[in-house]
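Please read the structure below before turning to the comments.
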Amino acid sequence: MEKELIRKHSFFLCTEHFKSSSFVCTDMKFMECADFIDDFGMDSIMFISLIVKIEGHFGIVIPENMLSMENFRNIDSIAEIITDCIEEG
């Protein structure tokens, strides 16, 4: 899967995932630079739920050493992790 397609899928997943937060944004430019912890208030429950959605959607297993909220703060970092998992898978 191409990196840009992974980013688009990541954008869709994150937009859907954060709809329940008080701030909903479908602007790709903002989502690309948004910090999911600071801007959307991602907590550990939201984080685990996002991981489950990502793994299910992309058919990957994210390595345990990557499972830190700090690694999933924005679209770019998420897309990079997904790309790495697909390439290694």
Side-chain angles (χ1 to χ4, degrees):
M1 185 179 284
E2 274 184 34
K3 199 170 203 171
E4 188 57 35
L5 186 56
I6 290 171
R7 290 184 82 197
K8 287 179 182 179
H9 281 254
S10 299
F11 171 76
F12 171 76
L13 284 173
C14 291
T15 300
E16 289 297 310
H17 185 70
F18 290 108
K19 274 186 179 178
S20 63
S21 71
S22 60
F23 185 80
V24 176
C25 180
T26 57
D27 179 3
M28 183 69 164
K29 297 238 184 250
F30 178 78
M31 285 294 286
E32 285 181 345
C33 64
D35 183 300
F36 298 149
I37 296 171
D38 294 338
D39 296 330
F40 296 119
M42 181 170 68
D43 60 17
S44 59
I45 294 171
M46 293 172 77
F47 170 66
I48 295 301
S49 178
L50 180 60
I51 295 299
V52 170
K53 287 180 182 180
I54 290 170
E55 290 182 336
H57 182 83
F58 289 99
I60 61 174
V61 175
I62 298 169
E64 192 173 317
N65 66 326
M66 294 302 298
L67 293 177
S68 165
M69 283 178 37
E70 291 297 317
N71 294 333
F72 290 81
R73 291 187 81 107
N74 58 51
I75 293 287
D76 286 336
S77 62
I78 291 171
E80 188 68 34
I81 289 168
I82 294 167
T83 301
D84 290 347
C85 288
I86 290 172
E87 288 175 355
E88 292 173 8

Can you tell me how far apart NZ (Lys53) and CG (Leu13) are? Round to the nearest 0.5 Å. 8.0 Å
Over all atoms of both residues, closest heavy-atom pair of Cys85 and Val61: SG-O, 4.0 Å
Around atom CG of Leu5, are there more than 12 heavy atoms from other residues, nucleotides or ligands closer than 6.0 Å? yes
Is it true that Met42 and Phe12 fall in one hydrophobic cluster, defined by side-chain heavy atoms closer than 4.5 Å? no
Which heavy atom in Ile78 sits nearest to a heavy atom in Phe36, and how many Å separate them? CD1-CE1, 3.5 Å
Atom CG in Leu50, atom CD in Glu16: separation rounded to 0.5 Å? 12.0 Å
Look only at the side chain of Thr83 and the backbone of Ala79, and say whether a donor-acceptor pair between them is shorter than 3.5 Å. yes
How close do Asp35 and Asp38 get, counting heavy atoms only, and between which atoms? OD1-N, 2.8 Å
Nearest 0.5 Å, please: how far is CD1 in Ile82 from CD in Glu55? 10.0 Å
So, taking the atom named CD1 in Ile60 and the one named CD in Glu87, what distance separates them when rounded to the nearest 0.5 Å? 11.5 Å
What are the two closest non-hydrogen atoms of Ile81 and Ile62, and how far apart are they? CG2-CG2, 4.2 Å
Please check if the side chain of Ser10 supplies one atom and the backbone of Ile75 the other of a donor-acceptor pair under 3.5 Å. no
Asn71 versus Asn65, closest heavy-atom pair with distance: ND2-O, 4.3 Å
What distance separates Glu2 CD from Lys8 NZ, expressed to the nearest 0.5 Å? 9.0 Å
CD1 of Ile6 to CD1 of Ile54, rounded to nearest 0.5 Å, is 11.5 Å
Aromatic ring proximity, centroids under 6.0 angstrom, Phe72 and Phe47: yes
Minimum heavy-atom distance His17-Ser49, with the two atoms named: CE1-OG, 3.3 Å
